[in-house]
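Have a look at the structure below before the remarks.
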Amino acid sequence: MKPPTDLTDAQWQAVSHAAGPLLVLAGPGSGKTRVITRRIQALVERGVDSRQILAITFTNKAADEMAARVDQLVPDNRSWISTFHRFCARMIRRHAEAVGLTPSFSILDTSDQHTLMRQTLRELDIDPVHFPPSRIAARVSRLKNDLLGPEAVQQQYERSVGDHIQAVVAQAYPVYQQLLQRSNSVDFDDLLLHVVALWQTCPELRSQYDERFRHILVDEYQDTNRAQYEIISGLSVDYPDLCVTGDPDQSIYGWRGARIENILRFEREFSDVTTVRLEQNFRSTARILRAADQLISHNTLRKPKALRTDNPDGQRVELRVFADGQQESDALARMIDQRVRSGDRKYSDFAVFYRVNALSRQLELALSRHGVPYQVAAGTAFYDRAEVKDLLAYLRLVNNPADEVAFLRIVNTPPRGIGKTTLGRLIRWARSRSMTLLDAARQARDLSVLRPRAVAAVRRFTDLIDELTPKPSDAVGDVLARIIDQTDYLLGWMDSSTEQGQQRVGNVNELLTAARQFDRSEGETASVEAFLETCSLVSDVDQLDSSSGTVTLMTLHAAKGLEFPVVFIVGLEHNLIPHERSLRENQLSELEEERRLLFVGMTRAQQELCLTQSMLRESRGRGLHTIPSDFLVEMTLQRMDDFDDDPVADLETMSTVVEPNSVRRSCRPQEQAQMRIVRGTDLLDARLETVSASVELPQGFAVGSQVRHPQYGRGTVVSLGGMSKRRTVTVEFERDARTETFVAALCPLQPIGRR
DNA sequence: TCTTAAAGGGTTTTT
DNA sequence: CCCTTTAAGA
């Protein structure tokens, strides 16, 4: 058969591949999603029952979009298109007893996890100040991603000499799991782990689903972790018609346990693998693609890959340098505003990416100032709001009476006179009889230690919960409305005219709307359980509305899989991109993940790409002089210095093309010399020097010389970089053996050991 | 027990 | 700088 005209040969090869493991190595913008959807169509046209097809994506948004496309291509489509986590949630719901849960189990989000870990530490009498629950929880999560259970961790700990944190982790992990199990709850990691366990403990179940899902397609395979690998390979033993697509150069989740090896080893793990490479890019201009390609070529731990396109050259990729973050955001907002006003672009053409969420605030302010509408894929999402969490906790508790996190959250919210003491007694009593907190509360009368007033308060609470417990036929929206009503949840805010109060009322109503909408869209299958599942598994990106007609702001991570006509990436500075944490351990792999992250961001751009750097970056209230990102000299960029409120700098501003340097990084000074051709830099240095009240600087730093820093103490200069006034010094400090890099002329380093 | 105030501490990325 | 957590007072 010949490929249809709208598919390339390579795409067609992947689409029409008959059976057996298929690896699609797809560069950015190479039509990967199209291949997956068309492959599903091709399978069905070949006579496959669509119910035998399972497609797994990374985000709900991707899943929904894919499902919509497949629905158009395949009449009466019954294929299962879902995210890993949602798929697993459904799986566990069905086989809950096999993993020690009931079907109404709760799914804890990150903050619930922290709460439960805090509870765990409390029970173990571990000081949460020295051992922050969030940090312990993160470590536990990491272990789970690597499929290490509590027993394995304890054994491992006994064998090796660990640090204090490790000791606490080893101790807390099993207890945390017990608390989860007792609460009939799972965290995000458990969703995956329980399914892995299911495959192991119930082989007949595994083979049953292996047969049921004959054809499996996995998107973004480079970001799967070990648990996800186990789940997928467990479904591909007897029927290994497994198609994975991904791009090792876009692997950006190593920090949370993703195993890039999964995709690199695919050809070895399965026999008779067909590999298809999609290397033609249909998304970006040639210049954007070339810059991205130049950048990623600097990764050493990589299979080389050709990226090509027939697209026109387009405009140069720009680097704009600003004096500070304020001017940076202001200039972006102004540029966007002007382009839209001139009819050149519409708001939704623009996206702004940043490395850390903290950078969004300033951008948001600037955009509002210029009247530019925007949406943020934000960390402080709707579902993190206190009032939303409260109400969802009520839903959770009436749905799953064992849910301790939910119980503890709302037992005294709104305040009803159940304080710390009462609660402590109640908990101890419940523990001694191994009953749920709610059951214990119901029997509070029998608690002789409780004061009569406390008994009455507890009684009021349990009566309330009993009253709120829904019948299966109840609509979710009605259940929620009843909760809001019966708890007098809005009482304190309804008439308050404070902005905060109004906002809360607004959020509550929004949640109610979401529930009613859920009832409508799900029809018969709508249940409190399903609604809660939907709520806990939404991600930040899922909430973006591509038809909103606004500028979109998000982190580089969230940008994966998306595309925009015009992309800005802000903050190309040392310690930001690459992030300081990737530089700490001096691990090449982490640095390279940062490079991939920038690569992902750049390749989202269709027509225009602009990177920005700010000479001054304020964080935690303090402004710090920045060092340009090392990545900047790895690509061809059009540099424009942009200091708009400074007439002198404006006069001097000129653009110069900065050529990348193919020479290895040992030749830093040379690279920096080329950067220096750029005009205005020295001028800027002069400016910054007057701004900063820095001391006259001893210029005699040499590798090996001893220095003192007011904050970090004594240290040794380990390397030098940069030129002239932007010379940088890297110092390894005695304390913690930490390493920091400073701009020599602007840092408070003092040489010691010489008079 | 609840409200309010102060201090301290922490910041990557997310299903 | 912002948020959370904890401490003191009503």
Side-chain angles (χ1 to χ4, degrees), chain A residues 56-63 82-89 107-111 113-115 118 127-130 132-135 138 141-142 144-145 186-193 220 223-225 227-228 251-258 325 353-362 377-381 383-384 386 412-423 451 453-454 457 492 533-543 554-560 571 575-584 590 593-594 596-598 600-601 618-624:
Chain A
I56 302 274
T57 63
F58 203 71
T59 62
N60 293 303
K61 192 172 194 281
S82 160
T83 64
F84 265 109
H85 291 269
R86 193 172 293 274
F87 172 78
C88 290
I107 301 171
L108 304 195
D109 68 16
T110 311
S111 76
Q113 266 178 63
H114 296 171
T115 308
R118 181 172 292 277
D127 179 11
V129 176
H130 281 94
S134 57
R135 222 167 120 200
S141 167
R142 200 46 212 275
K144 288 185 178 185
N145 283 322
V186 299
D187 60 22
F188 289 137
D189 310 307
D190 281 346
L191 283 173
L192 307 174
L193 277 188
E220 310 281 14
D223 283 322
T224 51
N225 61 28
Q228 288 160 334
S251 157
I252 55 175
Y253 286 105
W255 52 274
R256 76 172 206 215
F353 305 152
Y354 33 80
R355 180 63 236 267
V356 294
N357 273 310
L359 288 186
S360 78
R361 177 179 301 265
Q362 207 171 27
T380 328
Y383 290 94
D384 280 341
N412 199 33
T413 309
R416 50 175 73 87
I418 302 176
K420 227 168 156 178
T421 345
T422 311
L423 211 51
R451 299 250 186 89
R453 208 165 80 187
E533 182 185 300
T534 302
C535 292
S536 22
L537 296 181
V538 290
S539 68
D540 298 335
V541 221
D542 294 334
Q543 310 215 46
M554 69 181 94
T555 64
L556 283 164
H557 280 89
K560 193 179 68 169
N575 286 343
L576 202 52
I577 307 177
H579 193 270
E580 54 178 329
R581 250 157 108 142
S582 68
L583 300 162
R584 281 248 200 290
E590 291 189 34
E593 181 157 310
E594 295 288 309
R596 290 195 294 268
L597 187 56
L598 180 56
V600 166
E618 42 283 293
S619 74
R620 262 182 275 172
R622 255 202 309 278
L624 288 174

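Chain letters run A, B, ... following the sequence lines, proteins first and then strands; every chain starts at 1.
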| query | A:D189: what forms a salt bridge (charged side-chain N to carboxylate O under 4.0 Å, His left out) with it, not counting sequence neighbours? | reply | none
| request: Name the nucleic acid region contacted by A:S582, choosing base, sugar-phosphate or nothing; use a 4.0 angstrom heavy-atom cut-off, strictly under. | output: nothing
| query | Is there a side-chain contact between A:F87 and A:L191, using heavy atoms and a 4.5 Å cut-off? | reply | no
Between the protein and nucleotides 2-4 of chain B, which nitrogen or oxygen pairs are less than 3.5 angstrom apart?
residue, atom, partner, partner atom, Å
B:dC2, OP1, A:G417, N, 2.9
B:dC2, OP2, A:N412, ND2, 2.9

| remark: A:D109 CG to B:dT15 P, in whole Å, measures 12 Å
| message | Rounding to an integer number of Å, can you tell me how far A:F58 CZ sits from B:dT15 P? | response | 7 Å
| If you look at every heavy atom in A:G417 and A:A457, which pair is closest and at what distance? | O-CB, 3.9 Å
| Rounded to the nearest 0.5 Å, what separation is found between the CG atom of A:L359 and the CG atom of A:L576? | 5.5 Å
| query | Can you tell me how far P of B:dT13 sits from CG of A:L556, to the nearest Å? | reply | 11 Å
| Partners of A:T534 by side chain to side chain contact (heavy atoms under 4.5 Å, CB included), sequence neighbours excluded? | A:R86, A:F518
| Who are the ring pair (Phe, Tyr, Trp, His ring centres under 6.0 Å) partners of A:F58, not counting sequence neighbours? | A:Y253
| request: For B:dT14, take OP1 and OP2 only and decide whether either is under 4.0 Å from a side-chain N or O of A:N357. | output: yes
| query | If you find the nucleotide of DNA chain B closest to A:A558 and the one closest to A:K420, which residue's nucleotide is nearer the 5' end? | reply | A:K420
| query | A:H557 has a side chain; which of B:dT15, B:dT13, B:dT1 sits nearest to it? | reply | B:dT13
| said: Should A:W255 be counted as stacked on B:dT13, where stacking needs a ring-centre gap under 5.5 Å and an angle between planes under 30 degrees? | reply: yes
Just the atom pairs and distances: protein N or O near nucleotides 1-8 of chain C's N or O, under 3.5 Å.
residue, atom, partner, partner atom, Å
C:dC1, O4', A:G621, N, 3.3

| request: Rounded off to whole Å, could you give me the CZ-to-P distance for the A:F188 and B:dT13 pair? | output: 16 Å
| Any donor-acceptor N/O pair, A:E594 side chain to A:S582 backbone, under 3.5 Å | no
| query | Once you round it to whole Å, what is the distance between C1' of B:dT14 and CZ of A:R86? | reply | 15 Å
| For A:H114, what residues pass the side chain to side chain contact (heavy atoms under 4.5 Å, CB included) criterion, not counting sequence neighbours? | A:T110, A:S134, A:A137
| request: Please work out if A:F84 contacts a base, only the sugar-phosphate, or nothing of the nucleic acid, heavy-atom cut-off 4.0 Å. | output: nothing
| said: Testing the basics here: between A:D187 and A:D190, what is the closest heavy-atom pair and its distance to 0.1 Å? | reply: OD1-N, 2.8 Å
| field | Nearest-nucleotide comparison on DNA chain B, the residue closer to the 5′ end among A:T555 and A:P132 | value | A:P132
| task | Would you sort out whether A:H579 and A:W255 count as a side chain to side chain donor-acceptor pair (under 3.5 Å), showing the intermediate values? | result | CA-CA 12 Å; A:H579 193 270; A:W255 52 274; over 6 Å; no
| message | Nearest whole Å is fine: how far is B:dT14 C1' from A:K560 NZ? | response | 10 Å
| message | Rounding to an integer number of Å, can you tell me how far A:R135 CZ sits from B:dG9 P? | response | 14 Å
| query | Between A:T110 and B:dT14, is there a side-chain N or O to OP1/OP2 distance below 4.0 Å? | reply | no
| said: Tell me the interatomic distance from A:E590, atom CD, to B:dT13, atom C1', rounded to whole angstroms. | reply: 12 Å
